[in-house]
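Presented below is the structure to which this report refers.
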Protein chains: 2
Amino acid sequence: MDDYLVFPWVCTPLHPRGGIIVTLKRAVIAVGGNAILDSSKRGTAEEQWKNVRHTAAQLIVLRDRYEMVITHGNGPQVGNILIRNEAGGHRVPEMPLDVCVAQSQGEIGFMLQNALINELKLMNEYKPVVTIITQVVVDSSDPAFDNPTKFIGPTYSTEKAIALTQKHGWVLKEYSSEKFRRVVPSPIPLKIPERHSIRKLMEDDMLVVAVGGGGIPIVEDTEAGGMYIGVEAVVDKDLASAVLATEIEAEALIMLTYVDAVALEFGTPQQKFIDTMTITQANTYMDQGHFPTGSMKPKIKAAIQFLENGGKTVIITSPDKILDALEGKAGTRVVADL
Amino acid sequence: MDDYLVFPWVCTPLHPRGGIIVTLKRAVIAVGGNAILDSSKRGTAEEQWKNVRHTAAQLIVLRDRYEMVITHGNGPQVGNILIRNEAGGHRVPEMPLDVCVAQSQGEIGFMLQNALINELKLMNEYKPVVTIITQVVVDSSDPAFDNPTKFIGPTYSTEKAIALTQKHGWVLKEYSSEKFRRVVPSPIPLKIPERHSIRKLMEDDMLVVAVGGGGIPIVEDTEAGGMYIGVEAVVDKDLASAVLATEIEAEALIMLTYVDAVALEFGTPQQKFIDTMTITQANTYMDQGHFPTGSMKPKIKAAIQFLENGGKTVIITSPDKILDALEGKAGTRVVADL
């Protein structure tokens with residue numbers, strides 16, 4: 001064997017931008033539907049692109065801090081898809097709600113992933129960005145199926161509401177005076193079949209968009225070998241995000257919404273923002289009725305569930321305050337009991 | 001050091017079903033739109049589920065032979081989405097074609113991934129299945145943008161066609177006697193931004209659905225740092241599949257369609273199926289006009305392109321004949337020149 005020099009190579013992985021790689025914490029970032037489309041707008045593609053690009057610019061600053069998956073709402077988008085579905089019903093078959101949710105995941109996922117890639121391009125960076133079509137398993141005996149409560153789609157007159165009940169078997173409830181809307185079940189999310197793929201992509205330093213609109217609800221048909229069957233329901237995106245966060249062993253669940261922090265006595269002169277609250281405090285405030293059912297309450301429930309399952313950090317803030325909130329200067333932290 | 005026995009352990013990775021793991025070849029399986037919805041049908045969700053489940057059962061047999069990504073057409077689905085879009089246009093804003101393609105990827109991806117997972121469940125197997133929302137880069141100076149040729153969406157009367165041209169700036173062409181349809185550009189696919197994610201998931205033994213409808217067409221805006229911008233166009237799914245196959249260094253490109261094999265003099269009494277043809281033969285037959293523009297020609301072009309870029313195996317057959325075709329008993333193989 002020839003003489004040759006063996007160098008004591010030390011392989012230090014280098015970050016593409018020059019520094020040494022640090023192990024990033026893993027986070028689920030749940031983005032409110034208003035970050036994609038302000039519900040006061042009509043919902044043109046241009047309006048959505050504008051909002052999505054703004055949101056992407058705010059989210060991208062987290063790329064050096066977290067392996068991240070971005071989850072998002074779909075209320076306005078699936079609402080519009082349902083209206084188109086109905087309007088075209090005399091020409092082409094209407095699709096069930098689970099398929100409409102899937103369509104909305106494609107729509108919003110494309111926009112978010114496109115906008116995130118473009119933000120990286122603006123900074124001369126490269127990182128793969130990818131949207132995963134995501135299902136969410138719910139229990140077919142969830143009581144929500146006997147008591148649908150989630151308003152969805154357009155409003156109807158009383159006569160039309162009766163006709164739709166007869167035609168589709170839908171449940172409609174009065175939304176405002178003599179205006180009816182369809183209500184669908186909002187069952188508890190149990191698990192996300194795509195969790196392995198989502199985690200794998202994050203571990204490989206890719207930026208993932210998933211769980212759009214809370215996921216496409218499916219039930220396991222126990223009589224047919226556990227086959228996954230789509231159901232007409234919607235799952236709360238914050239609760240589904242908490243399930244994903246636990247499943248992929250995320251350290252942080254960050255929920256972005258239209259307020260900078262959680263408040264007590266919200267919207268009253270006594271309104272008081274909360275910096276930090278424990279699970280016990282959060283439960284107490286929730287019991288006292290501080291958190292509205294349709295907006296803050298599911299976020300608080302998601303926070304508690306994630307922390308009780310081993311999660312470390314929960315932050316609730318607005319997209320504008322993300323960085324301040326990470327430094328403890330803004331937003332609300334929910335923490336395990338001390 | 002104590003005496004102890006050192007066993008000559010040989011670590012043989014075991015397949016979950018018991019055999020020794022063999023390194024799988026990588027394949028792109030391109031599935032025709034008719035495998036998802038027979039275009040003679042109205043297109044109800046039930047019809048689509050039935051077809052998708054049938055197709056999934058045929059595709060799943062390949063799981064032990066290939067790391068595979070399934071690509072698919074979206075003609076009937078995006079056609080129906082466009083009809084709903086137009087029908088709802090007086091109530092909610094219409095979405096541009098790129099967003100409609102993204103919606104169709106969500107719809108079909110959900111169905112395929114659900115059906116594939118269920119096929120695995122039926123066999124008591126587990127393997128993650130995942131759909132990737134996929135963009136496809138085209139050249140903004142592709143001549144197709146000056147000469148749109150791909151019919152899309154519903155038919156219109158002459159008067160309506162004129163009105164739509166004025167309203168949207170669409171190009172419409174006569175499709176059948178006094179019936180007009182919109183035509184959109186069908187540019188050449190250049191690259192797929194999501195190729196890294198698709199490959200990574202395949203390497204990790206996941207089954208991937210991607211490049212739905214040929215991908216969501218985007219151009220690079222060279223004046224704005226190469227930003228990706230969605231465009232109203234459609235990309236041929238076989239050509240896009242060939243691009244992906246080259247990018248992920250697949251060994252095989254398998255295109256599934258409604259005929260068992262490629263034929264010369266197709267549909268005539270002289271019809272003759274081809275077992276194997278070289279690139280040169282394929283080019284000759286194509287020049288002789290054997291392959292119709294809208295169906296077989298793009299497949300032959302995709303085959304040639306893939307082989308010229310280093311691909312090894314191209315098979316064109318029907319879903320029913322997949323296994324026979326792999327054994328050389330059915331279908332058509334296209335091979336590099338000898």
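By convention in this document, chain letters (A, B, ...) are assigned in the order of the sequence lines, proteins followed by strands, and residues within each chain are numbered from 1. Note: hydrogens, waters and symmetry copies are ignored here, and every other heavy atom, side chains too, is used.
- Neither the backbone nor the side chain of B/D221 comes within contact range of chain A; no heavy atoms are under 4.5 Å apart.
- Neither the backbone nor the side chain of A/E119 comes within contact range of chain B; no heavy atom of the residue lies under 4.5 Å from a heavy atom of that chain.
- Contact check for B/Q135 versus A/I117: side-chain heavy atoms found under the 4.5 Å cut-off.
- Of the atoms belonging to A/M227, heavy atoms from both backbone and side chain fall under 4.5 Å from chain B.
- Between A/I133 and B/I133, the shortest heavy-atom contact is CD1-CD1, 3.7 Å.
- Side chains of A/M111 and B/V99 form a contact here, defined as non-hydrogen atoms less than 4.5 Å apart.
- Taking the side chain as every heavy atom from C-beta outward, B/Q105 and A/E107 never approach each other to under 4.5 Å.
- Residue B/E47 does not touch chain A at all, counting heavy-atom pairs closer than 4.5 Å.
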- Task: Output, in order, the C-alpha distance, side-chain angles, deciding distance and verdict of side chain to side chain contact (heavy atoms under 4.5 Å, CB included) for A/R42 and B/R91.
- Result: CA-CA 9 Å; A/R42 284 191 69 231; B/R91 295 172 63 191; over 6 Å; no

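- Atom CG in B/N118 sits 6.0 Å away from atom CD1 in A/I229 (nearest 0.5 Å).
- Side chain of B/N80 to main chain of A/V92: no donor-acceptor pair is present (N/O by atom type, distance under 3.5 Å, no hydrogens or angles).
- In terms of non-hydrogen atom pairs under 4.5 Å with chain A, the most contact-rich of B/G43, B/P154, B/C100 is B/G43.
- Among all heavy-atom pairs drawn from A/P96 and B/A45, the shortest one is CD-CB, 3.4 Å.
- Per-residue counts of heavy-atom pairs under 4.5 Å with chain B were compared for A/V130, A/V209, A/I218; the largest is that of A/V130.
- For A/H196 against B/P128, the heavy-atom pair with the smallest separation is CB-CG, 4.2 Å.
- Within a 6.0 Å sphere centred on OH of A/Y175, heavy atoms belonging to other residues, nucleotides or ligands number 12 at most.
- To the nearest 0.5 Å, the span separating CE on B/M95 from CD on A/Q103 amounts to 12.5 Å.
- Side chains of A/E194 and B/Q113: a donor on one and an acceptor on the other come within 3.5 Å.
- Proximity to chain B is limited to the backbone of A/V129, based on heavy atoms less than 4.5 angstrom apart.
- Taking both residues in full, the closest heavy atoms of A/M206 and B/S197 are given as SD-OG, 3.4 Å, listed atom of the first, atom of the second, then distance.
- Remark: B/K121 NZ is packed, more than 12 non-hydrogen atoms of other residues, nucleotides or ligands lying under 6.0 Å away.
- A salt bridge is defined here as a Lys NZ or Arg NE, NH1 or NH2 lying under 4.0 Å from an Asp or Glu carboxylate O, and A/K200 with B/E203 fails to meet this definition.
- Most heavy-atom pairs under 4.5 Å with chain B: of the set A/N85, A/V208, A/L122, this distinction falls to A/N85.
- Within the 4.5 angstrom heavy-atom criterion, atoms from both the backbone and the side chain of A/I132 approach chain B.
- With a 4.5 angstrom heavy-atom cutoff, A/Q48 touches chain B only via side-chain atoms.
- For a residue to count as touching a neighbouring chain, one of its non-hydrogen atoms must lie under 4.5 Å from one of that chain's; by this rule B/V101 does not touch chain A.
- In terms of heavy atoms, B/A102 sits closest to A/F110 at CB-CB, 3.6 Å.
- Of the two parts of B/I81, only the side chain, counted from C-beta on, holds a non-hydrogen atom closer than 4.5 Å to a non-hydrogen atom of chain A.
- Side-chain atoms of A/R84 come within 3.5 Å of backbone N or O of B/P93 as a donor-acceptor pair.
- With chain B as partner, the option from A/G212, A/G79, A/G109, A/G226 having the largest number of non-hydrogen pairs under 4.5 angstrom is A/G226.
- Heavy-atom pairs under 4.5 Å with chain A peak, among B/G89, B/S104, B/G88, B/G106, at B/G106.
- For B/D204, the part lying under 4.5 angstrom from a heavy atom of chain A is the side chain only.
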